[in-house]
Amino acid sequence: MTPILLNTGDMLMAAGLIVGCVALSLVLSLGIHRTLAVAAIRMAVQLVLTGSVLLFVFGRSSVWLTLLVLAFMFSAATFEVGSRQVARLTPAWHFGIGGFSTMTGTIIVVLVGLLTALQPHPWYQARTAIPMTGLLLGNVMNATSLSMNTLLSMVSRERAAIEARLILGATRAEAMNSLIRQSIRTALIPTLNQMAAAGVITLPGIMTGQILAGMDPFEASKYQIVLMSLIVSGNMIGATLSAVLTSARLSDARGRLRLDHLAR
């Protein structure tokens, strides 16, 4: 079985669906028609450019070229992970903690996947390393962002309760532990929902793509199990690191709550 290739008519059909959504927004006065149109155009341009770049990179076996693409992806993720929180640390710390946590969680699980289950030859083979990193990076980025956003929001909201615990003799770890645990749990909810629904309610994207490309469904399911395990592990690492580092930044060695480290 050969892969299903899309033609011009298929792409026009996709564009028609977006136009229909824009029209529905206008009819219902939802006010999202402009945002939807811009997002659709941006998506199409980005994906076409990405496809062209990957076509060039895949045609060469260069570890430096692969690392350059990965570095760009990590840089973009570092910006995105810290760009939408309402409560924020000062910029250097906010993007630093978010980027470090995202990259650490992603790099660990990518190396585990490349060196154990997938084992491409060479290990830096762009056709395997880049798509796998992109898949895991997006998930870890979301988990890290949710973890930081939840913790920062709760600390801002529960300042009095945290300071009361500190006054009563709690260490900074004891005063913040419940908030750290809650932020990590919140960050992992989408992943846990995805895992619980996989195969029963939905067919995950990777598995669907492999089936459409002609792979045996049973073999595709094994790939999806490995990838979901890598995703949840990376998300756990990223969410935990970001919560712990953020809480450390919001307190000091003398056990004081340092909300002055939040951006104004």
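Index from 1, following the sequence. Since we're looking at a predicted model, the values are computed, not measured.
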State which residues pass side chain to side chain contact (heavy atoms under 4.5 Å, CB included) with Asn177; sequence neighbours excluded, sorted by chain then number.
Ala173, Ile180, Arg181
Met73 atom CE, neighbour heavy-atom count above 12 within 6.0 Å:
yes
Without placing hydrogens or testing angles, list every side-chain donor-acceptor pair under 3.5 Å for residues 45-56, not counting sequence neighbours.
| residue | atom | partner | partner atom | Å |
| --- | --- | --- | --- | --- |
| Gln46 | OE1 | Arg42 | NE | 2.8 |
| Thr50 | OG1 | Gln46 | O | 2.7 |
| Ser52 | OG | Val48 | O | 3.0 |

Quick check for you: to the nearest 0.5 Å, what is the distance between Leu241 atom CG and Thr246 atom OG1?
10.0 Å
Pairwise distance CZ(Arg127) to CZ(Phe58) - rounded to 0.5 angstrom
5.5 Å
Contacts of Met132 meeting side chain to side chain contact (heavy atoms under 4.5 Å, CB included) (sequence neighbours excluded), chain-then-number -> Leu114, Leu118, Leu136, Leu230
Can you name the side chain to side chain donor-acceptor pair (under 3.5 Å) partners of Asn139, sequence neighbours left out?
none
How is the hydrophobic cluster of Ile225 composed, in terms of its other members, when Ile, Leu, Val, Met, Phe, Trp and Tyr link through side-chain heavy atoms under 4.5 Å apart, directly or indirectly?
none
With Ser25 via side chain to side chain donor-acceptor pair (under 3.5 Å) - residues at least two apart
none
What pairs meet the salt bridge (Lys or Arg N to Asp or Glu O under 4.0 Å) rule with one or both residues in residues 221-238, with sequence neighbours excluded?
Glu219-Lys222
Applying side chain to side chain donor-acceptor pair (under 3.5 Å) to Ser247 and not counting sequence neighbours gives none
Shared hydrophobic cluster, Ile231 / Ile189 (ILVMFWY, side-chain heavy atoms < 4.5 Å)
no
Other than Val140, what residues sit in its cluster of Ile, Leu, Val, Met, Phe, Trp and Tyr side chains whose heavy atoms are under 4.5 Å apart, directly or through others?
none
Set of side chain to side chain donor-acceptor pair (under 3.5 Å) partners for Arg185, sequence neighbours left out
Gln182
In a table with atom names and distances, give each donor-acceptor pair under 3.5 Å that connects a side chain of residues 95-110 to protein atoms at least two apart or in another chain.
| residue | atom | partner | partner atom | Å |
| --- | --- | --- | --- | --- |
| Ser101 | OG | Ile97 | O | 2.8 |
| Ser101 | OG | Ser242 | N | 3.2 |
| Thr102 | OG1 | Gly98 | O | 2.8 |
| Thr104 | OG1 | Phe100 | O | 2.7 |
| Thr106 | OG1 | Thr102 | O | 2.8 |

